[in-house]
Colleague: 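There's a structure below that I have some questions on.
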Amino acid sequence: MSLATPAGPAPERKVAWITGGGTGTGRAVAEAAARAGWAVVVSGRRPEPLRETAAAITRAGGAALALPLDVQDAAAVAAARAAVVEGFGRLDGLVLAAGLNSPRRRWDDQDVAGVHDVIATNLSGPITVLDAALPDLRRSAGVVVVVSSYAGWTFSPGAGVAYSASKTALGPLVRTLNQQEAPHGVRACHLCPGDIATDFLDQRPEVPDEAARAVMLTPEDVARTVQFVLDSPPHVRFDEVVLSPLSQR
């Protein structure tokens with residue numbers, strides 16, 4: 001299952017598991033965590049980008065493990081969680097960055113199968129991964145960052161039916177996690193970034209041009225915010241963070 005061999009992390013090195021970690025924001029998060037001294041595990045549907053991300057981190061002296069994974073597959077999630085613990089012995093941080101949308105976003109053009117696919121990736125997927133990882137996070141008093149969306153914080157007409165509903169539901173998911181798991185020291189953040197200049201924009205009905213992308217957030221902007229949350233002291237919790245470009249609409 002692994003595509004890169006852990007580079008012998010020191011016993012005290014913290015470990016972060018990042019879904020959607022092969023490209024875009026997820027990859028930037030993985031690279032930032034590695035630079036901060038964390039060992040990282042990257043998961044996603046496509047093996048090759050995961051391999052490239054893990055290889056780049058190990059070349060830079062970090063520790064990385066690539067685990068291909070569809071977050072909709074509960075058995076695969078459980079196997080991946082076991083591989084994380086087998087590879088590194090612990091889990092301290094979970095960043096849920098896998099996401100999906102469709103160009104067909106309106107009631108008058110969407111198809112129900114596509115709606116279910118978006119919801120399964122954006123909402124059911126995080127629930128499945130969290131459920132698998134929670135025993136390890138309890139042991140480490142770990143931190144969770146759920147990468148949601150500006151559309152998960154406030155209504156965004158262009159985001160679409162399925163995406164808006166699934167991302168909005170992540171807010172209560174984080175709040176219930178914080179309320180119920182605080183006795184174990186587990187903390188979670190509902191991170192709601194605005195427009196990010198990544199290939200995810202290619203899923204829009206009208207794909208933004210280079211001029212529009214130039215004023216958006218970068219993956220590195222989001223990664224810095226995620227790392228700030230990951231590295232915060234154990235008595236500090238960021239329940240919700242909204243990160244916007246100056247030109248967010």
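Every heavy atom of this structure was used, including side-chain atoms; hydrogens, water molecules and symmetry mates were not.
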Colleague: Are more than 12 heavy atoms, taken from residues, nucleotides or ligands other than Phe238, located less than 6.0 Å from that residue's CZ atom?
Modeller: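 Yes, because the 6.0 Å sphere around CZ of Phe238 holds more than 12 heavy atoms from other groups.
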
Colleague: Keeping Gln72 on the side-chain end and Ala120 on the backbone end, is there a donor-acceptor pair under 3.5 Å?
Modeller: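 No, because the side chain of Gln72 does not come within donor-acceptor range (under 3.5 Å) of the backbone of Ala120.
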
Colleague: For the pair Thr121 (side chain) and Val118 (backbone), establish whether a donor and an acceptor sit closer than 3.5 Å, ignoring hydrogens and angles.
Modeller: no

Colleague: Between side-chain atoms of residues 75-82 and protein atoms elsewhere (two or more places apart, or another chain), which donor-acceptor pairs fall under 3.5 Å?
Modeller:
residue, atom, partner, partner atom, Å
Arg81, NE, Asp136, OD2, 2.7
Arg81, NH2, Asp136, OD1, 2.8
Arg81, NH2, Asp136, OD2, 3.3

Colleague: Please check: side-chain N/O of Thr168 versus main-chain N/O of Ala165, any donor-acceptor pairing under 3.5 Å?
Modeller: no

Colleague: Using modelled atom types only, decide if a donor and an acceptor are shared between the side chain of Lys167 and the backbone of Val147 within a distance under 3.5 Å.
Modeller: yes

Colleague: Under the 3.5 angstrom rule, does the side chain of Thr19 hit a backbone N or O of Ala97 as a donor-acceptor pair?
Modeller: yes

Colleague: Treating Thr58 as the side-chain partner and Ala64 as the backbone partner, does any N or O pair qualify as donor plus acceptor under 3.5 Å?
Modeller: no

Colleague: Counting distance only, does the side-chain N/O of Arg138 pair as donor-acceptor with the main-chain N or O of Val186 below 3.5 Å?
Modeller: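 No; zero donor-acceptor contacts below 3.5 Å.
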
Colleague: Does one side chain, of Trp38 or Asp231, offer a donor that lies under 3.5 Å from an acceptor on the other?
Modeller: yes

Colleague: Determine whether Val145 and Leu230 make a side-chain contact, defined as any pair of heavy atoms from C-beta on separated by less than 4.5 Å.
Modeller: yes

Colleague: Quick check: do Thr23 and Arg46 have side-chain heavy atoms less than 4.5 Å from each other?
Modeller: yes

Colleague: Quickly, which of Leu69, Val95, Val85 forms a side chain to side chain contact (heavy atoms under 4.5 Å, CB included) with Trp17? Name it, please.
Modeller: Leu69

Colleague: Among side-chain atoms of Ser148 and Trp153, is any donor-acceptor pair under 3.5 angstrom?
Modeller: no

Colleague: Linking I/L/V/M/F/W/Y whenever their side-chain heavy atoms sit closer than 4.5 Å, directly or via other members, would Leu67 and Phe88 fall into one cluster?
Modeller: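 Leu67 clusters together with Phe88.
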
Colleague: Using a 3.5 Å distance criterion without hydrogens, assess whether the side chain of Arg213 forms a donor-acceptor pair with backbone atoms of Pro208.
Modeller: yes

Colleague: Is Glu86 atom CD crowded by more than 12 heavy atoms from other residues, nucleotides or ligands, each under 6.0 Å away?
Modeller: no

Colleague: So does Arg224 pair up with Glu220, basic N to acidic O under 4.0 Å?
Modeller: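 No, Arg224 and Glu220 are not salt-bridged.
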
Colleague: Is there a donor-acceptor pair under 3.5 Å between the side chain of Thr225 and the backbone N or O of Asp221?
Modeller: yes

Colleague: Tell me which one of Leu217, Val222, Val226 satisfies side chain to side chain contact (heavy atoms under 4.5 Å, CB included) with Thr25.
Modeller: Val222

Colleague: So does Ala74 get a backbone contact from the side chain of Thr128, meaning a donor-acceptor N/O pair under 3.5 Å?
Modeller: no

